[in-house]
> 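The structure under discussion is supplied below as structure tokens; questions concerning it will follow.
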Amino acid sequence: MNDASEPPDSSLPAPGLDRLSRRAFFRLAGAGAAAAGLAACSSRPARNILPYASQPPEVTPGVPLHYATALVEDGFATGVLVASHQGRPTKIEGNPDHPASLGATRARDQAAVLSLYDPQRARSITDRGAPAAWSAIEQLLAGARAHGGRGLHLVLEPTSSPLVIDLIERIRTALPAARLAFWAPFAPRAQLAGNRLALGRALQTQLDLRTADVVVALDADLVGDHPMALAYARQIADRRRVVDTSSPMSRLYMVESGYSPTGVIADHRLRVRPSEVERIARALLAAVIAQGGRGAPAELGAALARPAGEPREAALIAAMARDLTRAAGRCAVAAGDRQPPRVHAIAAAINAALGNLGRTVAFSEPAVFEAGQPSHDVAALADLVRAIDGGEVTALLVLGGNPAYAAPADLGLAAAIARAPASLYLGLYDNETARACRFVVPGLHDLEQWGAARGYDGTITPIQPLIEPLFGGRSVAAILHELLGDPPATDHARTQDAWARRLPGVDHAAALARGTVAGSALPAVAAEVAWSALAAAIAAPPAAAPALELAIAPHPFLHDGRHTNNPWLLELPEPATKLTWDNAAQLSPRTAAQLGVDTGDLLALTVGAAAAARTLDVPAVVVPGHADDAITLHAGFGRDGGERVARGIGADAFRLWTTAGGLSPAVTAARRAGHRELAITQVHWQLEDRPIALGGTLQQLRDDAALRDELARHRGPQPTLLDRFPAGFPTQHNQWAMSIDLTTCTGCSACVMACATENNTPVVGRGSVLNKREMHWLRIDRYLEGPSDDPVVVVQPMTCQHCENAPCEYVCPVEATTHSPDGLNEMTYNRCIGTRFCSNNCPYKVRRFNWFDYKHRDLHVLANNPDVTVRDRGVMEKCTYCVQRIRRAEIDARIADRPIGAHDVVTACQAACPAQAIAFGSITDPASSVSEQRRRPHSYAVLHDQGTAPRTRYLARIRNPGQLP
Amino acid sequence: MRLAQIGDAPALMAEFSSGPALLAGIRALRDAGVSRFDAFTPYEVAGLQELLGLRRSRLTWIALAAGLAFGGGAYLLQWWINVIDYPLDIGGRPFHSAPAFIPITFEMTVLFASAAALISAIVLGGLPRLWHPVFEIEGFERATVDRFWLAVGVGDAALDRERDTAALVAAGALRVEWLGARAGGRP
Amino acid sequence: MTAASELDELLPGRPDDAALSAQLLSTTSRPLTRGWKLAFAICAALTVMLFLLVALTVLRGIGMWGNNVPVAWGFGIINFVWWIGIGHAGTFISAILLLLEQHWRTSINRFTEGMTLFAVIQAGLFPLLHLGRPWFAYWLFPYPAEMDTWPQVRSALPWDAAAVSTYFTVSLMFWYLGLVPDFASLRDHAPTRRRRIAYGILALGWRGSVQQWRHHKVAYFLLAGFATPLVLSVHSVVSLDFAITGLPGWHSTIFPPFFVAGAILSGFAMVLVLILPARRVFGLQNVITPRHFDAMAKMVLITSWIVLYSYACELFVGWYSGDRYEMYQHLVNRPFGWYAWSFWLMLFCNCFVTQVFWSRRMRRSPIALFAVALLVNLGMWLERFEIIVVSLSRDFLPSAWHFFSPTWVDLGILTGTLGFFGLLFLGFLRLVPFVPVAELKQMRSELAHAPAAHASTPAEVEP
């Protein structure tokens, strides 16, 4: 018996309190309209925010008004364009002009609109939970202002905003005694410290992979988890895209424990525990120096211990060194931020020894204010706790973030905050920190506020509101202004004022229109590796690896837990495990066998010894390809704040985070009685020798006719008795088609989220996912090839293939799914009676059925795309090739009296993809990228042998492994 | 000689204990020149129809006609829907997908042929008619169990009371009822 | 055998017409036994539960069932095919055996026709209920709509709708036509006036005149003739619901005959399950005799061999096709996959236990017949589970494979239909003479006066 009969929204907040009345809807939409400058009787922001002016044709989105702004995370801005329907932001696209986006988005960026409309956001100022007046806050801040701010402590999120920095510096001068700490659990710290070791200064590494022929990633998830991931994914993809048999292709080495998106596209992947990466790095440095690394003292190479690793590891290191040396100056070595500073220092050294500095690798000042300084360290929080206990704290202001949850557990920060005499929290939710503080002031969502932030490369990105604050929140700036006792002014006025002072000569309006300040990236800083200092720093060999180690990693979608109340992200399958609505201890098959657990069995993880021991019960999930003797556990779960969706889901990894152990502590694991059914959307991982995800090596594609013939067998015409279209059927000029490149796809799932936001696909909840009822129109299939302990992973975006001879169509008894003259397989929702015969006859199983009434009931309805029907209970639905965007483009073309351009239609998934792995267009237009890609030698159709003639074609997954000596 | 269509009360009714006895009775009267016969039996008596010289029922042809008409209609409707009225590209199949139209055509043929057969059986049998004069004859209720009744229609010139009564009794009639004039022919 | 000896086997003691009528008509009027009342109460309760669960499904959504996306059809369609199959024996016995002049059919044909009708009623519930939006089911039928929307007749579902409704209607007409003469005898002999009026109306004023018998006979044989291809067509069309798809395990040309054989197997099994108790309760040992059992057991044995042959064909074709999906489905998934237990249990029930009917003793032993019949019904349900759930759970893309498990609503509805079926059947046993009296008497007289025995029974004509 399964629990399919539990209501669809069982794990979602019950509708009711948050039910949105028609009246309320119009009030909000009206406010939004004003904000978007559409309403004639324009209110405040109407005069000031400007539509995105220069739209490059290839990204002309299908919706009327787009505004450039930014989403900020750990201080780093990602430039986005937000689609606004009559003042209601509904869809987020990347800003092609922004260096940290290049037009793409991450999954969690896509989901931001749902967070904006989250009915559980903090709505009013409270004093210990009771409603309070702003005057109370004014008193608190006035008191804090007294005698130079002594006893005043502030905890802020890392910020790169020139405007906030301006305020901070004014506070530093006006209230010299005030103490500031900047906290975000996963803010990059090790890199800056590592560069300080190697270069003598805490500099930020800036990679430029456009010219990198060889990339070695030392536990660095460059395309998945990095402030610059979107840009790096694009740069790596551009060097690996196979056009014909003579295409060059870069080579990517990955050294990691978990299976990251970077590991998925890597040509060689070495699975080692986090603590072993340093050994690999040292060996690599030694090998590079031995092969004549320039400027590096030979004795350093000699000093570094040779690796005692197993043969394959040694061979891989040798191969890396060989390829790097051959590509000296055209290669890059990157270290991930989970690695200690020493590894970053070694990476810098290797890059220096290869002459990459100034070519593929550059250094800049940190984009984030005071990054790398003590105010960003755990120590700053420890000091705060000590200060509170020492009674030195009279007022504590926590502005943003959630330190009471996302900080080393042994600090006891939550308890300490609760002990502070006066405390204020400014944030979006009534979360753990809010509950520890006395006063809570509703914060502002990124889409509600004015401001600015720097991208990872330093590019200044203006932020403008898309809608009036839904719950009348206040910005960090507003609080700081109040703290400084400034005369009251609107956020916009303050922003303009500060902008004028901090960025003289930079036109705010122009910046808003473009979404970036051109040329504001931080300049490269000339830096040399101080070899002797480095040698001293890394002289001591790395500590012996513990028997079993834990890696507490940011969740790919929830990051540090800030998005855990977002159902879209909770139901988005985690790329490595396809796990939804949970986190689990990822471990390798061998380690699982040693611990006697299988997927779903409970493990007790213990960190620390005796009195200081902290234990956490988590279900295990077996991940083939994970490093042995290591466990990866994602953070962001086990929340116990006031967010009803997030509350009680999964286990809180941060409870195993101690100041001593850090984020990769030694851990002991024991089988626990009990089992938890995990809502994993894929249960079978082998290809069973079926022509689904084809692939080969670049070498084979060039020299091996067998592979080319194999691929050719899976495309092209097949014997049939039927005409392409029934005789006499009117066919239009455009025949739409899609092409998906498995070589560059990393499985990051941004497309899946983009599809869900664009097409109003509902969230069904954990119970329904358990019974395979998730509603995503686009899914990322993950197949494992090769040995089960160290497989090669192929990821394959799978959605409606829009078959020309669609099996779903001829079995529908009521003509609810039919073919359009422009080659789309169309669903007529209103005609569907729900026999589900079409789903049974779909070889790709991409059709989704509304088993219950899944429609939004609360404020979330505002996130719906008005161009797409919201489906009712009992009807089938599936990918439409974003037909609403196609029709919009057709209408625009007709109005402009021109044919539809080759790039006029961009589907939601295509727009979001950082690797540009998805192409869409008409196959009747030879200039379209789809036509071009279908001509490539490795283009094929999935299940071509079924004669369905799919319109969606795939480019086979081509890898470029090197010879292992 | 033809079958009497006895709309109301017959002139003569005779009760027999078995089918063969009934047949004997009919033969006896027929030899006497009586022609307007009918019979009421609990089940079909072998040889009775032949004796009364009835041809096979026309019902078969009615059913055939109905079947062909509605079957053809069903196919035409499917063709018209898919080719004339609203042609659609369904999985790239031809508009006129003849093989797919067969099953419904067949089913409609059978359905309406059967309906025609049932209805004509009822109507041609003079049904429904809940009451009939013969029900008034005492003992007739056994006609649905184990008695076989012979009837002669009113106005058969050849009828002769004494002679026919004797003939029927000789043939094994348990009872002879002369209707209209109620005076009994009981021996 | 001679007509006379056959008569002795089919009607031991050759009761005369009056005795036969008295015995067979009395089933409608004799006092209710406690057992009957208890059974009726249980069935009524289950029926109430069925309709409550139906209401729940319609109110909350089809998600109350266990179906998911690879397995979009589950218990609903399994039960549909299973009940339809059970419905087959009725028409088979009454129509085909009538045309083949199998006298032994006469005593049980109405009984089995009743079973047919009630089974098809159960089956008919499911195509409706399993829809996402049942209230639009009428869209499967052609009607002049404003938007010129018509059913899509390339799909097997409209065929199904036509086939099942035709089958039900024709079976009902055939059944009623046969009943009219017996309603007439009940009109004349039922104990109370109210019953006489009721039966009188049903009898339409039948008086057994030459004309009425003449047309009745032709119509009865015509309907039998029409019903015969129907028996073969209905389950063939049902099988096309699967056969027209491309799904490994469905995409198979042997489905129509395979399904029909399976249907008749399950049908005869269900007849045995029902008739053995009824015969005992109503003391019809002289009308329903070991001879009947023997014949039905032989049918079970034959059809079980046809079914076994079909299984073998599926396996062989699966292998011989060389098609990787077919091979996986038939050679890996079904025998050794997640649901291997159902495959082997199905083989045991449908093909193994039936072999006991090689023995004449078993063919005539009520206990053995009853036990085997129950197992065969279980096995035939599992066969549909095998075809529908197991095939769907692993089709083309391994990434989409997933298990199916039923919810309590699924199980409740299946049980509920058993109760509803029982309710209708118990009512039928009470209100209608379930052995065709007129036909039986006619058979008796025909056999008695058959040429061989004709001269030997002059007494028959004596007063």
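In this text, all values refer to a predicted model and were calculated from it rather than measured experimentally. Excluded from the calculations below are hydrogen atoms, water molecules and symmetry mates; all remaining heavy atoms, backbone and side chain alike, are included. Every chain is numbered from 1 and lettered A, B, ... according to where its sequence line falls, protein lines coming before strand lines.
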> Is chain B contacted by the side chain of C:Val153, its backbone, both, or neither, given a heavy-atom distance below 4.5 Å?
both
> Any chance you could measure C:Ser209, atom OG, to B:Leu127, atom CG, to the nearest 0.5 Å?
7.5 Å
> Quick check on B:Ala113 against chain C: is it the side chain, the backbone, both or neither that has a heavy atom closer than 4.5 Å?
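The answer is both parts of B:Ala113.
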> At under 4.5 Å between heavy atoms, what parts of residues 217-224 of chain C are in contact with chain B? List them by residue number.
C:Lys217, C:Val218, C:Ala219, C:Leu222, C:Leu223
> Please examine the side chains of C:Gln152 and B:Leu88, heavy atoms only from C-beta on, and report whether any two atoms are closer than 4.5 Å.
no
> Does the pair B:Glu107 and C:Asp160 meet the rule for a side-chain contact (heavy atoms from CB on, under 4.5 Å), with working shown?
CA-CA 10 Å; B:Glu107 299 293 344; C:Asp160 220 5; over 6 Å; no
> Pick from C:Val234, C:Asp182, C:Leu230: which one has the most heavy-atom pairs with chain B under 4.5 Å?
C:Leu230
> Please round to the nearest 0.5 Å and tell me the distance separating atom CD of B:Glu44 and atom NE2 of C:His216.
9.5 Å
> When only pairs under 4.5 Å are counted, which of B:Ser120, B:Gly19, B:Ala115 shares the most heavy-atom pairs with chain C?
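So the answer, after comparing B:Ser120, B:Gly19, B:Ala115, is B:Ala115.
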> So which of B:Thr60, B:Thr109, B:Leu48 has the biggest tally of heavy-atom pairs under 4.5 Å with chain C?
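Result: the option with the highest number of such pairs is B:Thr60.
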> Quick check: closest heavy atoms across C:Ala162 and B:Met108, and the distance to 0.1 Å?
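That closest heavy-atom pairing would be CB-CE, 3.9 Å.
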> Within this structure, what is the CZ-OG1 distance for the pair B:Phe112 and C:Thr166, rounded to the nearest 0.5 Å?
8.0 Å
> Any idea which of B:Leu111, B:Val110, B:Leu118 has the most non-hydrogen atom pairs under 4.5 angstrom with chain C?
B:Leu111
> Tell me, do B:Ser114 and C:Thr169 make a side-chain contact under 4.5 Å, heavy atoms counted?
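Contact flag for B:Ser114/C:Thr169 side chains = no.
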> Under the rule for ring-ring contact (aromatic ring centres under 6.0 Å, His included), what residues qualify as partners of C:Phe259, not counting sequence neighbours?
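Scan of C:Phe259 (ring-ring contact (aromatic ring centres under 6.0 Å, His included), adjacent residues dropped) gives C:His235, C:Phe242, C:Phe255.
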> Which one wins on heavy-atom pair count under 4.5 Å against chain C: B:Pro128, B:Ala74, B:Pro99?
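Ranked by contacts with chain C, first place is B:Pro128.
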> Please report the interatomic distance CH2(C:Trp150) to CG(B:Leu77), rounded to the nearest 0.5 Å.
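Spacing of CH2 (C:Trp150) from CG (B:Leu77) equals 6.0 Å.
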> Considering non-hydrogen atoms only, spot the tightest contact between B:Leu130 and C:Gly205 and give its length.
CD2-N, 3.7 Å
> Distance from B:Ile62 atom CD1 to C:His215 atom NE2, nearest 0.5 Å?
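Rounded to the nearest 0.5 Å, the CD1-NE2 separation comes out at 8.5 Å.
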> Side chain, backbone, both or neither: which part of B:Leu22 has a non-hydrogen atom closer than 4.5 Å to chain C?
neither
> Is a side-chain N or O of C:Arg154 found less than 3.5 angstrom from the main chain of B:Phe95, in a donor-acceptor match?
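Present.
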> Let me know if C:Ile201 has heavy atoms under 4.5 Å from chain B in its side chain, its backbone, both or neither.
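The answer is both parts of C:Ile201.
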> Considering all heavy atoms of both residues, which atom of C:Trp213 and which atom of B:Pro42 are nearest to each other, and what is their separation?
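The pair with the smallest heavy-atom distance is CZ2-O, 3.1 Å.
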